[in-house]
Colleague: 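Have a look at this one.
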Amino acid sequence: MTKLVILEYPDPRLRKKAVEVTVFDAALRQFIDDLLETMYAANGVGLAATQVDVHRRVIVLDVSDTRDRPLVLINPEILSKEGEGPGEEGCLSLPGIYDKLTRAARIRVRALGRDGQAFEMDAQGLLGVCIQHEMDHLEGKLFVDYLSELKRAFIRRRLEKERRQRSAGSDSRAHAPAL
Ligand code: GNR
Ligand code: NI
């Protein structure tokens, strides 16, 4: 198992459109295990392959409190949407950024599982929001795209500043004198 690197906004690779999965082999299953490991290590409730620079239509999710209910959706399609509701969203590619967004309240999804078996499911609440959020990643779309250009500009500046402080921080720790 390998923990993968999660790309961060505004990395242009987050804008690539993922292609359908056609081959269900051991390499795909290994990749899914790595994606799940990466999601759990980052305490995320979902992760799309796009976020680790693999541009295939694969998403993993786990919205359970016990973190032991992994869900794998390959080539997911939304069959129907109903209602709409606000929710607070975050994204592992935008660390520390949260904002309110309107999404469909209930969705019906068709997808393939890790061995290529087709299934359908209904989703609402956090799971429904997450599936819509992850499916956007496969299209190269991020939740901040729904916000105003002004808000996005603030977010870009805040992330840049935090990244600068993060690297300055590890630098000063590296050079701190021993006590
Ligand atoms: O961990 C995550 N939490 C979350 C909370 C509300 C709405 C969407 C999400 S997805 C996010 C993980 C992530 O970035 N997936 O792409
Ligand atoms: Ni995300």
Side-chain angles (χ1 to χ4, degrees), residues 1-21 31-78 81-109 111-112 114 121-148 151-152 154-156 158-160 162-163 166:
M1 298 257 276
T2 315
K3 204 178 87 178
L4 306 167
V5 174
I6 298 176
L7 302 178
E8 291 185 7
Y9 179 78
D11 194 309
R13 293 170 291 181
L14 288 168
R15 297 308 186 177
K16 291 185 164 187
K17 184 174 153 60
V19 299
E20 295 226 323
V21 172
F31 171 64
I32 289 166
D33 288 343
D34 293 344
L35 203 54
L36 281 165
E37 185 187 352
T38 307
M39 176 188 78
Y40 286 123
N43 289 316
V45 290
L47 191 63
T50 307
Q51 291 175 279
V52 297
D53 201 25
V54 173
H55 303 282
R56 305 283 169 81
R57 305 187 78 79
V58 178
I59 67 181
V60 295
L61 305 134
D62 190 336
V63 295
S64 72
D65 291 332
T66 43
R67 313 287 292 148
D68 61 354
R69 291 272 182 281
L71 268 171
V72 178
L73 275 67
I74 299 171
N75 302 341
E77 293 170 73
I78 294 190
K81 297 186 183 198
E82 260 183 69
E84 50 179 43
E88 180 114 303
E89 292 195 26
C91 181
L92 293 172
S93 296
L94 290 121
I97 307 292
Y98 302 89
D99 215 320
K100 276 212 181 77
L101 232 70
T102 300
R103 299 272 193 187
R106 287 172 300 283
I107 55 175
R108 182 154 188 88
V109 181
L112 304 176
R114 58 188 280 135
M121 65 185 289
D122 292 305
Q124 55 184 320
L126 180 61
L127 180 61
V129 167
C130 262
I131 291 174
Q132 294 174 75
H133 173 116
E134 304 312 336
M135 287 182 68
D136 273 352
H137 276 302
L138 301 182
E139 297 301 313
K141 198 170 168 104
L142 296 162
F143 85 87
V144 290
D145 298 345
Y146 296 101
L147 308 176
S148 69
K151 264 194 180 178
R152 260 196 311 282
F154 274 117
I155 288 168
R156 271 196 299 271
R158 203 177 123 188
L159 287 171
E160 273 166 28
E162 278 164 5
R163 270 194 280 274
R166 241 192 284 168

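Atom set for the values below is all heavy atoms of this structure, side chains included, hydrogens, waters and symmetry mates excluded. Source: prediction; values computed, not measured. Numbering of ligands and ligand atoms starts at 1, following listing order.
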Colleague: Looking only at distance, does N43 have an N or O less than 3.5 Å from an N or O of ligand 1?
Modeller: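 No, there is no polar N/O contact under 3.5 Å.
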
Colleague: Does a salt bridge link R156 with E160, judged by any charged N lying under 4.0 Å from a carboxylate O?
Modeller: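 Salt bridge absent between R156 and E160.
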
Colleague: Would you say V129 has any N or O atom under 3.5 Å from an N or O of ligand 1, going by distance alone?
Modeller: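 V129 vs ligand 1: no N/O contact under 3.5 Å.
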
Colleague: Closer than 4.0 Å to some heavy atom of E88 - which atoms of ligand 1 meet that?
Modeller: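 Atoms satisfying the 4.0 Å criterion: 6 (C).
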
Colleague: Return the closest protein heavy atom for atom 9 (C) of ligand 1 as residue, atom name and distance.
Modeller: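 Protein heavy atom at minimum distance: G90 O, 3.5 Å.
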
Colleague: Check this for me, if you would: do K3 and D34 make a salt bridge, where the nitrogen-to-carboxylate-oxygen distance has to be below 4.0 angstrom?
Modeller: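 Answer for the salt bridge query: no.
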
Colleague: For ligand 1, indicate whether the residue M39 contacts it via side chain, backbone, both or neither (heavy-atom separation under 4.0 Å).
Modeller: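 Looking at M39 and ligand 1, no heavy atom falls under 4.0 Å.
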
Colleague: Say whether S93, considering both its backbone and side-chain N or O atoms, lies within less than 3.5 Å of an N or O atom on ligand 1.
Modeller: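 It does not: no N or O of S93 is found under 3.5 Å from an N or O of ligand 1.
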
Colleague: Atoms of ligand 1 less than 4.0 Å from H137 heavy atoms?
Modeller: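 In order of number, 16 (O).
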
Colleague: What atoms in ligand 1 come closer than 4.0 Å to a heavy atom of V45?
Modeller: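 So the answer, numbered in order with elements, is 1 (O), 2 (C), 3 (N), 4 (C).
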
Colleague: So which of G44, C130, G46 gets nearest to atom 12 (C) of ligand 1, if we judge by its closest heavy atom?
Modeller: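 Residue with the shortest heavy-atom distance to the ligand atom: G46.
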
Colleague: Is the shortest side-chain N to carboxylate O distance from K16 to D11 below 4.0 Å?
Modeller: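 Result for this pair is no, no salt bridge flagged.
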
Colleague: Is a salt bridge present between D122 and R108, judged by a nitrogen-to-oxygen distance below 4.0 Å?
Modeller: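 A salt bridge is present here (some side-chain N lies under 4.0 Å from a carboxylate O).
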
Colleague: Taking only Lys NZ, Arg NE, NH1 and NH2, and the carboxylate oxygens of Asp or Glu, determine whether K100 and E89 approach each other closer than 4.0 Å.
Modeller: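 Answer for the salt bridge query: no.
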
Colleague: Of the side chain and backbone of E89, name the one, both, or neither that has a heavy atom under 4.0 Å from an atom of ligand 1.
Modeller: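 It is both backbone and side chain that touch ligand 1.
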
Colleague: May I ask you to establish whether K141 and Y146 are in a cation-pi arrangement, using a distance under 6.0 Å from NZ or CZ to the six-membered ring centre and at most 45° from the ring axis?
Modeller: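 Geometry flag: set, cation within 6.0 Å and 45°.
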
Colleague: Would you mind telling me if ligand 1 is within reach of the side chain of C91, the backbone, both or neither, using heavy atoms under 4.0 Å?
Modeller: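 C91 to ligand 1: contacts from backbone and side chain alike.
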
Colleague: Enumerate the protein N/O/S atoms at a distance below 2.8 Å from the Ni ion (ligand 2), ignoring waters.
Modeller: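 Result, waters dropped: C91 SG, H133 NE2, H137 NE2.
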
Colleague: Is there a donor in the side chain of Y40 and an acceptor in the side chain of R67, or the other way round, less than 3.5 Å apart?
Modeller: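 There is no such pair between these side chains.
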
Colleague: Quick check on D68: does its CG atom have over 12 non-hydrogen neighbours (other residues, nucleotides or ligands) under 6.0 Å away?
Modeller: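 Atom CG in D68 is packed in, count exceeds 12.
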
Colleague: With sequence neighbours left out, what residues match E139 under salt bridge (Lys or Arg N to Asp or Glu O under 4.0 Å)?
Modeller: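 So E139 forms a salt bridge (Lys or Arg N to Asp or Glu O under 4.0 Å) with K17, R57.
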
Colleague: Please state which protein non-hydrogen atom is closest to atom 14 (O) of ligand 1 and give its distance, to 0.1 Å?
Modeller: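 Protein heavy atom with the smallest distance to atom 14 (O) of ligand 1: L92 N, 2.8 Å.
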
Colleague: What's the separation between atom CG in L61 and atom CD1 in I59, rounded to the nearest 0.5 Å?
Modeller: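 It comes to 5.0 Å.
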
Colleague: Taking side chain as C-beta onward, heavy atoms only, is Q51 less than 4.5 Å from H137?
Modeller: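 In contact.
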
Colleague: Evaluating non-hydrogen atoms only, which member of E134, R103, Q132 is closest to atom 15 (N) of ligand 1?
Modeller: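 Looking at heavy atoms only, E134 sits closest to atom 15 (N) of ligand 1.
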
Colleague: For Q124, is the CD atom crowded, meaning more than 12 foreign heavy atoms sit under 6.0 Å from it?
Modeller: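 No, not enclosed.
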
